[in-house]
Amino acid sequence: MIDLKRLRADPDHFKRGARDKGIEVDIDRLLELDGQRRTLLAGQEAGRAEQKKLGKEIGPQIGALKRQLKEATGKDRTALQDSLRALEQRPLALKAEIQAYDERIAEIEPPWRHLWLEVPQPADPDVPIGGSPAENVEVRRWHPDWFDPARGFRSNKGFDPRTHLELVKDLKLVDFERGVKMAGTRQYVLTGDGMRLQQAVLRMALDLVAGEHGFTPMSVPVLVREECMVGTGFFPAGRDQAYHVAESQRGAGHDLFLVGTGEVGLMALHADEILDEAQLPLKYATVSTCFRREAGAAGRDTAGLFRVHQFEKVEQVLICRADEAESRRWHETMLGIVESLLKRLELPYRFVQCCTGDLGPKNADMIDVECWMPGRGDDDADGRPTGAWGETHSASRLYDYQCRRLNLRYRDAGGKTVFCHSLNNTVAACPRILIPILELYQNADGSITVPEALRPYMDGRERIG
RNA sequence: GGUGGGGUGGCAGAGCGGUUGAAUGCGCCGGUCUUGAAAACCGGUAGAGGGCUUUGCUCUCUCGCGGGUUCGAAUCCCGCCCCCACCGCCA
């Protein structure tokens, strides 16, 4: 969430930020509620201060009188009761006053809090302003010697490509029909070498980020409390995207939600903690199952492995000191890890600077990594796909937006508690990353060459099919 | 799932409903002493929000979380969450 002090000081900054991201939030209403709340709080606190003072003054007197009352009879009793009543008059009036404040605050706080959570983090000034992914800006690209996306598949490999959909069917790597039978649309079964290939990619990615780059590998819950989803910034905006396990309907005290990314478990791990500055940065990686409802994506990428409800992902997160330069450096470092993965896999890729409209509420900056997928894109005159870039990774820089929500802080050299900065980045998302691998490494005879970097994870095998 | 016990500061551990935001011990920080260190002694040691004459003073909230009783709740009542023990079930 954003810093309310900054919002009060410069509302236009946040209004602009929301507008640039195409997110509707009534900031004027939030400021109004905030002002009301602060006024009420001041009144409530003044009342309580007096109540405490009074309690110390006349509390012991009341206690003494009540003790006397127990033994007293007749006239004494009436007199004692009268003085008791007189003594209690002021605190009773105060009590009513404070309760009135409490009620009004209780009315205001839920909408105030909800609006506060909805205010997006403004994008950094160097993020291009735009409304849709079409306005994202390519930053750089790379391709191996043996495949230049600019030239088209045939001139690179000497034959026309099949799409990954055709390849997995021919080679029996995926069973879509039975996946759908069991679990509905966008479900699939990886079979045999399809599963082996996926495991090879995941393990290679985890070894890279954990083994070579010092990210601690973790296994974290994928079924979490709502607080984790709100804390990591996926709720309330992305509530529709998450599967909701309504355990409260069968008597449990709280519901659970299936995470859409391992980032949730890795980031929520340290919620409500105050870390030592010396512990930072925290570098974590996980391989986890991810669940997405894909609400609003009906009809988009329905065929194949591109957009599915359940998938496996190696994710890296980093929690560091609240220093812009440092978190920018880590962003580059994490992107560098992805780059080395894709170079080892020899997959043509490009980095894309996402525009404001593509960032989502929580990010100040986001770089997408796209791989060349020969089976995507428009068809040519012969009805063959011409290929297109497809998003496989996404690297976000969040400043302290996420850590504020998670209440995740550290104590700096001066002893102050400061919200940490956080970053996250895909290392490898499966089965999506299998698409460029299968399509680029396909051979004229319909087989797939196993990328060299994956062979150690595939019992040394050189081809599938 | 059943039964029982329990959640208090960095940790351990007290706390008849009334100056208890919290004794005591440990740890940590500063000081005295010392050639240096240890010991001993003295002092200080939670977080959040607000106000001001803004590096200090002051107010409010926080004893798992939420609600209730009360003039007043760490203390009494209710709900929830979590932990521990034993039993049952189980990869």
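Note that the structure is predicted; figures quoted are calculated from it, not measured. Each chain gets a letter, A, B and so on, in the order the sequences are listed, and its residues count up from 1.
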Suppose you measure atom [atom1] in [N] against the same atom in [M]; what distance do you get, rounded to whole Å?
{"N": "B:G6", "M": "B:C78", "atom1": "P", "answer": "14 Å"}
{"N": "B:G5", "M": "B:U60", "atom1": "C1'", "answer": "35 Å"}
{"N": "B:U45", "M": "B:C11", "atom1": "C1'", "answer": "14 Å"}
{"N": "B:C80", "M": "B:A14", "atom1": "P", "answer": "28 Å"}
{"N": "B:C82", "M": "B:G72", "atom1": "P", "answer": "32 Å"}
{"N": "B:C42", "M": "B:C33", "atom1": "P", "answer": "16 Å"}

For residues 245-281 of chain A, the ring pair (Phe, Tyr, Trp, His ring centres under 6.0 Å) pairs (sequence neighbours left out) are A:Phe235-A:Phe257, A:His244-A:Phe257, A:His270-A:Tyr284
Out of [options], which has the shortest distance to the side chain of [X]?
{"X": "A:Arg38", "options": "B:U60, B:G50, B:A48", "value": "B:G50"}
{"X": "A:Leu92", "options": "B:A48, B:G47, B:C71", "value": "B:C71"}
{"X": "A:Lys5", "options": "B:C71, B:G47, B:G50", "value": "B:G50"}
{"X": "A:Gln51", "options": "B:A48, B:G72, B:G47", "value": "B:G72"}
{"X": "A:Ala49", "options": "B:C59, B:G47, B:C71", "value": "B:C59"}
{"X": "A:Glu45", "options": "B:C59, B:C71, B:G47", "value": "B:C59"}

Restricting both atoms to N or O, compile the protein contacts to nucleotides 17-21 of chain B shorter than 3.5 Å, with distance only.
| unit_1 | atom_1 | unit_2 | atom_2 | d |
| --- | --- | --- | --- | --- |
| B:G18 | N1 | A:Gly59 | O | 3.4 |

Under 3.5 Å between N/O atoms: give me all the protein pairs with nucleotides 73-78 of chain B, atom names plus distance.
none

Only counting residues at least two apart or in another chain, list the ones meeting ring-ring contact (aromatic ring centres under 6.0 Å, His included) with [X].
{"X": "A:His393", "value": "none"}
{"X": "A:Phe14", "value": "none"}
{"X": "A:Tyr399", "value": "A:His421"}

What is the distance, to the nearest angstrom, from the [atom1] atom on [X] to the [atom2] atom on [N]?
{"X": "A:Lys95", "N": "B:U70", "atom1": "NZ", "atom2": "C1'", "value": "6 Å"}
{"X": "A:Arg48", "N": "B:G49", "atom1": "CZ", "atom2": "C1'", "value": "12 Å"}
{"X": "A:Leu41", "N": "B:C61", "atom1": "CG", "atom2": "C1'", "value": "9 Å"}
{"X": "A:Glu226", "N": "B:C81", "atom1": "CD", "atom2": "P", "value": "15 Å"}
{"X": "A:Ile274", "N": "B:U62", "atom1": "CD1", "atom2": "C1'", "value": "13 Å"}
{"X": "A:Ile105", "N": "B:C61", "atom1": "CD1", "atom2": "C1'", "value": "11 Å"}
{"X": "A:Gln99", "N": "B:G67", "atom1": "CD", "atom2": "C1'", "value": "13 Å"}
{"X": "A:Glu109", "N": "B:G49", "atom1": "CD", "atom2": "C1'", "value": "11 Å"}

When you compare the side chains of [X] and [Y], does any donor N or O come within less than 3.5 Å of an acceptor on the partner?
{"X": "A:Tyr401", "Y": "A:Asn363", "answer": "no"}
{"X": "A:Gln353", "Y": "A:Asp365", "answer": "yes"}
{"X": "A:Gln402", "Y": "A:Ser422", "answer": "yes"}

Here the salt bridge (charged side-chain N to carboxylate O under 4.0 Å, His left out) pairs for residues 115-131 of chain A, sequence neighbours left out, are A:Asp124-A:Arg328, A:Asp124-A:Arg397, A:Asp126-A:Arg328
Residue pairs meeting salt bridge (charged side-chain N to carboxylate O under 4.0 Å, His left out), one or both in residues 455-465 of chain A, sequence neighbours left out, come to A:Asp193-A:Arg461, A:Asp445-A:Arg463
Pairs satisfying side chain to side chain donor-acceptor pair (under 3.5 Å), at least one member in residues 89-107 of chain A, at least two apart
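Of all non-adjacent pairs touching residues 89-107 of chain A, those that pass side chain to side chain donor-acceptor pair (under 3.5 Å) are A:Gln44-A:Asp102.
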Contact under 4.0 Å: [X] side-chain N or O vs [N] OP1/OP2:
{"X": "A:Arg8", "N": "B:G50", "answer": "yes"}
{"X": "A:Arg409", "N": "B:A48", "answer": "yes"}
{"X": "A:Arg411", "N": "B:G47", "answer": "yes"}
{"X": "A:Arg225", "N": "B:C82", "answer": "yes"}

Pi-cation contact, A:Phe215 with A:Lys283 (under 6.0 Å, within 45°)
yes
